[in-house]
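Working notes for the structure below.
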Amino acid sequence: MPDGTQRPERPLDRMIHPGAGRRQAPPTPKGRQLDPERLDEVRAVLGDQPRERDWLIENLHAIQDAYGHLAAAHLQALAEEMKLPMAVVFEVASFYAHFDIVLDGETPPPPITVRVCDGIACEMTGAQELIDRLPPVLSDQVRVVRAPCVGRCNCAPVAEVGHRFIDHADVTTVVETVRAGDTEPEIPKHVGFDEYIAHGGYQLLRDCLNGTRSADDVLERLSGANLRGLGGAGFPTGKKWSIVRQQPHPRYVAINADEGEPGTFKDRWIFENDPHRFLEGMLLGCWVSQADACYIYLRDEYPQCFRILRGAIDRVERAGLNPGCPIHLRRGAGAYICGEESAMLESIEGKRGLPRHKPPFAAEVGLWGRPTLTNNVETLYWVRDIVERGPDWFAGMGRNGRSGMRLFSLSGRVAEPGVKLAPAGITARELIDEYGGGMQFGHALKAYLPGGASGGILPASMADIPLDFGTLEEYGCFLGSGAVIVLSDQDSTKDAAYNLLRFFKAESCGQCTPCRNGTDKAVKLMARDQWDPDLLGDLNTVMRDASICGLGQAAPNPIASVFTHFPEDLR
């Protein structure tokens with residue numbers, strides 16, 4: 001863990017905060033003309049790709065994929081081609097961390113970028129050493145930058161060369177990968193369409209489409225199983241589907257696959273292993289809600305999952321399994337805030353990912369102001385089994401008085417990190433001992449994060465609390481998406497909290513003052529040797545009470561946890 005010194009801003013930090021170094025759009029000199037060559041280049045890159053506003057982020061991706069950056073002249077050409085103001089194109093491009101804007105007179109980035117994850121699991125296992133040692137041994141044609149959690153916490157530390165991930169990375173493996181020019185993602189072996197069909201896949205969906213099974217039957221089984229939103233909110237799935245079904249057309253479905261919460265990687269596991277089980281659940285949701293279109297919003301850190309899903313969706317469409325409901329696969333561009341439901345909707349519409357005020361909620365006013373069913377990937381992963389096997393099967397799988405099953409992302413100081421299929425209500429101690437192979441050799445359990453970066457930190461003495469909705473809130477924590485990060489007696493919770501607050505500061509969208517200024521101030525206060533409990537306590541209260549969305553509201557949880565449970569780490 002770090003020694004408490006504040007790290008420098010990483011090159012990918014978005015400078016969008018008013019009064020905090022916000023990058024300004026390039027001025028347009030009087031008489032400046034659109035470069036026709038750049039316009040021809042943009043048109044060639046986009047090809048038949050639509051020019052509607054909601055395609056702005058995808059079109060920015062296309063240009064960056066082709067040229068390695070976004071030149072000011074290309075942004076101007078894109079604005080002309082899409083009939084948008086240059087200011088709109090620039091503000092969207094500059095909001096997302098993965099877009100490299102190069103203004104006139106600036107030097108484009110090197111051909112190869114090496115991203116080193118500095119998430120908590122990677123920092124615990126040597127990410128800082130990689131960041132320090134790599135630049136001197138790589139050429140000036142390679143840049144090394146920090147990256148927030150890339151969703152591979154079970155393989156820490158992780159580096160990414162171009163789009164190719166290096167698990168358990170060290171200097172040698174990174175340098176070898178760079179010299180070999182291996183920058184394309186590896187596609188893991190997964191259940192394909194034919195294999196899925198051979199084991200009964202999509203038969204349930206076909207039964208629904210041909211009228212053999214009714215929507216009411218599906219809803220009854222989901223409600224009977226008490227399936228809830230497993231992205232963290234926990235809203236009853238059957239009830240949500242019913243609400244959207246009752247709304248006027250057009251209706252949409254939006255799938256949140258932007259799992260940017262540090263410590264979370266279960267969506268990636270689903271896509272890399274059994275993507276069609278997720279897709280069948282999604283299509284059942286489209287059918288029950290009678291959706292007019294479906295959008296899957298996938299985090300840009302998962303290029304291999306993008307290719308898997310693109311191929312899987314093509315097979316589904318060729319098989320005619322989505323009648324009347326086109327499926328759109330959209331990429332994020334490096335913005336943790338877009339994991340928040342309404343910010344995701346804004347991004348799908350081609351805008352900055354700024355959370356909306358609630359109410360109204362997405363079920364009534366979602367994409368383009370229309371009723372929208374939003375679901376998490378894991379929630380949909382369970383739909384087929386629940387409907388086929390019955391609600392009692394799912395409800396009866398819990399432990400310690402709870403019901404259901406969960407995919408837990410387990411990482412940190414455990415012997416066998418990874419995605420663990422375990423009963424809802426299992427305790428952290430049981431999860432570590434029975435599913436994680438116990439603690440790593442020489443390490444003793446000191447603390448654990450039950451819900452990723454924002455879920456708080458609890459001591460080993462509280463490792464026997466059932467992990468489920470409603471069981472942790474009284475202790476100032478929550479389960480969230482089920483990302484359990486384990487700390488040992490060799491770790492400092494103070495350093496862990498500092499890591500998490502730096503993440504929140506970098507990922508704040510900047511829309512509301514309590515979060516924008518609060519996370520920045522918290523990081524500065526935490527960089528001091530001595531933490532001021534009064535200052536940090538007042539700051540926590542303001543952020544919780546006044547922030548627009550869950551990022552600012554939950555960001556203080558790690559700080560409060562350290563004060564409450566680990567005062568010895570402050571001495």
Side-chain angles (χ1 to χ4, degrees), residues 7-8 10-13 61-62 64-70 96-100 102 107-190 259-260 262-265 267-269 271-273 298-311 331-334 409 411 417-419:
R7 68 171 187 181
R10 61 175 183 264
L12 293 185
D13 283 345
H61 271 302
Q64 175 142 317
D65 289 346
Y67 291 96
H69 62 278
L70 298 174
Y96 295 93
H98 287 186
F99 291 138
D100 289 314
V102 178
T107 303
I112 297 178
T113 295
V114 175
R115 290 183 169 86
V116 179
C117 177
D118 67 356
I120 183 169
C122 286
E123 193 166 75
M124 290 164 63
T125 51
Q128 186 58 51
E129 182 182 2
L130 276 175
I131 294 168
D132 293 339
R133 292 182 58 196
L134 280 172
V137 298
L138 294 171
S139 73
D140 58 4
Q141 296 301 299
V142 182
R143 65 171 174 171
V144 179
V145 298
R146 295 176 179 269
C149 182
V150 296
R152 305 184 75 86
C153 313
N154 57 315
C155 308
V158 176
E160 183 184 14
V161 177
H163 292 304
R164 192 178 192 86
F165 287 104
I166 305 172
D167 297 335
H168 307 294
D170 57 32
V171 172
T172 300
T173 55
V174 173
V175 171
E176 289 176 350
T177 303
V178 169
R179 290 175 177 169
D182 294 334
T183 60
E184 291 301 307
E186 288 187 90
I187 309 301
K189 181 176 175 56
H190 55 277
E259 61 169 3
T264 308
F265 46 94
D267 291 359
R268 175 179 64 82
W269 182 89
F271 297 143
E272 291 182 346
N273 287 275
L298 178 69
R299 69 182 309 212
D300 193 39
E301 287 85 350
Y302 289 170
Q304 75 287 13
C305 297
F306 181 84
R307 298 192 184 187
I308 291 171
L309 283 175
R310 183 69 273 160
R331 283 184 287 176
S409 303
S411 65
V419 172

CA sep, side-chain torsions, deciding dist, call: Y302, E259, side-chain hydrogen bond (donor to acceptor under 3.5 Å, both in side chains): CA-CA 10 Å; Y302 289 170; E259 61 169 3; 2.6 Å; yes

Using modelled atom types and a 3.5 Å cut-off, is there a donor and acceptor pairing between side-chain atoms of H190 and backbone atoms of P188? yes

H61 side chain to G332 backbone, donor-acceptor under 3.5 Å: yes

Heavy atoms only: give me the nearest A127-C117 pair and the separation to one decimal. CB-O, 3.2 Å

Between V174 and the options L134, V142, V144, the side-chain contact (heavy atoms from CB on, under 4.5 Å) test singles out L134

I need the minimum non-hydrogen distance between F265 and G418, along with the two atoms involved. CE1-C, 3.6 Å

From R268, R164, E272, H163, residue fulfilling side chain to side chain donor-acceptor pair (under 3.5 Å) relative to Q304: E272

Nearest 0.5 angstrom please: R152 CZ to I166 CD1, how far? 10.5 Å

Could you measure the distance from the NE2 atom of H168 to the SG atom of C122? Nearest 0.5 Å is fine. 10.0 Å

Please report the closest heavy-atom contact between V158 and D167, naming both atoms and the distance. CG2-OD1, 4.1 Å

Using the salt bridge (Lys or Arg N to Asp or Glu O under 4.0 Å) rule, collect all pairs that involve residues 298-310, keeping only residues at least two apart or in two chains. E184-R307, R299-E301, R310-D314

Just verifying a value: how many Å separate R133 CZ and T172 OG1, rounded to the nearest 0.5 Å? 7.5 Å

Write down the atom of S411, the atom of A121, and the distance for their closest heavy-atom approach. OG-CB, 4.3 Å

Does D100 offer a backbone N or O that forms a donor-acceptor pair with the side chain of Q64 under 3.5 Å? yes

Audit row: R143, T113, side-chain hydrogen bond (donor to acceptor under 3.5 Å, both in side chains) steps and yes/no: CA-CA 5 Å; R143 65 171 174 171; T113 295; 2.6 Å; yes

